[in-house]
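Here's the structure we're looking at; comments come further down.
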Amino acid sequence: MTMESIGLAPSTLIFIILGLTLAAFMWGRFRYDLVALAALLGSVMLGLVPTDEAFKGFGHPAVITVAAVLVISRGFERSGVVDIIANQVLKVGERLLLQLLVLVGTVVVLSGVMNNVGALALLLPVAMRLAREHNTSPSLLLMPLAFGSLLGGLTTLIGTPPNIIIATYRGNITGENFGMFSFTPVGVAVALVGLVFIVLVGWRLTPKRSGQASTEEMFDTANYLVELKVSEESKANGLTLQQLHDELEEAIPVLAVVREDDRRAGYSFHGVLREGDILLLEAGPDELKLLEDKVGLSAIAEPEKDEQDSDEADSENGDSQPSDERQPVDTEGLQLIEAVVRNDSMMVNRSVRQLRLNQQFGLHLVAVARDGGRLKQRLRDIRFQTGDVLLLQGSENEIADSLATLGCLPLANRELHLGQPRKLALSIGIFALAILAMLFDLLPAAVAMSSAALISLLIGVLPLREGYQAIDGPVIVLLAAMLPVGEALETSGGAEIIADALLRFGVEWPITISLAGLFILSMLLSNVVNNAAAALLMAPIAASLASGFDVSLDPFLMVVAVSASCAFLTPIGHQSNTLVLGPGGYQFGDYWKLGLPLSLVVMVVAIPAILWVWPL
């Protein structure tokens, strides 16, 4: 099937493909890497992308650089560089403005030297702990933190994929890439103004979702941990836990089974229940009534005597304790932990049974929260979505590795760990050498960053398995697939058509107005598709626009670089926004309340700064 057989112009076909691609991105039914791959293959079949160039994106310098930066970022985490900083952040006082300044300021700085999603992932548990220790609503901290990670990514070449894409695109056009710190003057100005706006004004625009992100209040765990005893007459007597669940037809997780002095976690108990067993469950009043009516399980009654009588009884009987007055089951060691499902998680659109969560990963799902509230449906029927907050139970020694493999970010009980001093120094030194090699044009960015990643793996700063896990597969496929599609937009004449429309609109206006129009178009696009895809699609349009005005290409490309990272209006435009959706208890429409004024502030600051640093 070719363009000639269809009878449509190449520009029309590429607009159809891009329109369908953008619609699929917005729909969200299929993951963005699959959508991008479908767009690439469709372009190849229609003759818009030559067959021998279909997969050249997988070897593109921008893709290689992004992969290498992800590995280096994981090395920073592993060596303890970021944990040292995070440990200091936890010492901040009770004043909310100071908490915001330190948290957002820290993520801005970190996002300039590592992947901005990685920087957010490291500080998100810190923000959660701060909120809990100081009784602050997490929603007041998490959205500013996510937006700060986007602002920090603007400051250097490696801070965010759009910068890498724009730098490489400039190299293809002019023969010279943007350098490591070419983005710094404008990026720092925008980040500083954005930081000040968020700390002084912006946080007041975020909705206050009281208690939405704490385990105790989102899942009611502390208030509803109850002990139920299996009696001789109980229908539960002789049932396995699976049979008990089937009998109840409700998702009531058993956290532990106590038999005499032996306590076993619910997910590892495979025998049958016997008379005298005590079940530790998470249940509310309705569930307690159901348990008593259907299977004859009743709560252990409190002893009906006062403290004085109890003391006398203890003194008479020594330290002995009647078996029917046993102490409440100790919940310590059950290892309940919260985790949020990331964009790249293997759990997305899959259920517990499909994942074999217990058998393969040793994890027991206790509860799921979505959009700030706990889901009431049966746990085995839930298909996980990005941003879901999970309450999990598992082995202390294995839960961290299991969460990493699944693509989940722990939110609670995440202990900061300091890396070995030797590895910490090596990690910093390797990164510094790579930066110097780029700064003095000794090596291109892709080679310098790849060399740094390789050395980190060879000398043991980062285990090889974690190095592969650090590479965000969906993002890599997205970039590699959309690069040829973006080039097809240019070669088919589609970019020139869009640029001509913008030129006709701005012919009677100053070029600044056209830059603002380009900024708004790119910004809106980045809020409904991945920001890397927005940069890939807008770069050819920016080049055609600069050519039409017969002015320098640089300010137009810089406008795209900044605006493509301004995905402040929706939770789906950037992974950082999605990561805080569940923990912050936000709704889809909450983002624009802070995101819209912040976007306007960024545009007002960025365009004059770009024209000053990169004149027409």
Residue set satisfying side chain to side chain contact (heavy atoms under 4.5 Å, CB included) with I476, at least two apart, ordered chain then number -> V63, V66, A67, I471
Between V580 and the options L142, L145, V340, the side-chain contact (heavy atoms from CB on, under 4.5 Å) test singles out L142
Could you go through the side chain to side chain contact (heavy atoms under 4.5 Å, CB included) check for L151 and V107 one step at a time?
CA-CA 9 Å; L151 292 170; V107 81; over 6 Å; no
Where the side chain of N116 meets the backbone of S576, is there a donor-acceptor pair that is under 3.5 Å apart? no
Side chain to side chain donor-acceptor pair (under 3.5 Å) filter on Q385, not counting sequence neighbours, yields none
For F183, the ring pair (Phe, Tyr, Trp, His ring centres under 6.0 Å) test, sequence neighbours excluded, returns F178
When every non-hydrogen atom of S565 is compared with those of L154, the smallest separation belongs to CB-CD2, 3.5 Å
Note to self: Tell me whether Q354 contacts the main-chain N or O of S351 through its side chain, where contact means a donor paired with an acceptor under 3.5 Å.
What the structure shows: yes
With sequence neighbours left out, the residues meeting side chain to side chain donor-acceptor pair (under 3.5 Å) with S522 are S563
ring-ring contact (aromatic ring centres under 6.0 Å, His included) pairs touching residues 425-472, sequence neighbours excluded, are F76-F431
Review point. Is there a side-chain contact between L18 and L537 (heavy atoms, below 4.5 Å)?
Key: yes
**Prompt:** Taking the side chain from N527 and the backbone from L569, do they hold a donor-acceptor pair closer than 3.5 Å?
**Reply:** yes
Side chains of L483 and L536, heavy atoms from C-beta outward: is any pair under 4.5 Å? yes
So the ring-ring contact (aromatic ring centres under 6.0 Å, His included) pairs with at least one residue in residues 558-583 (sequence neighbours excluded) are F147-F568
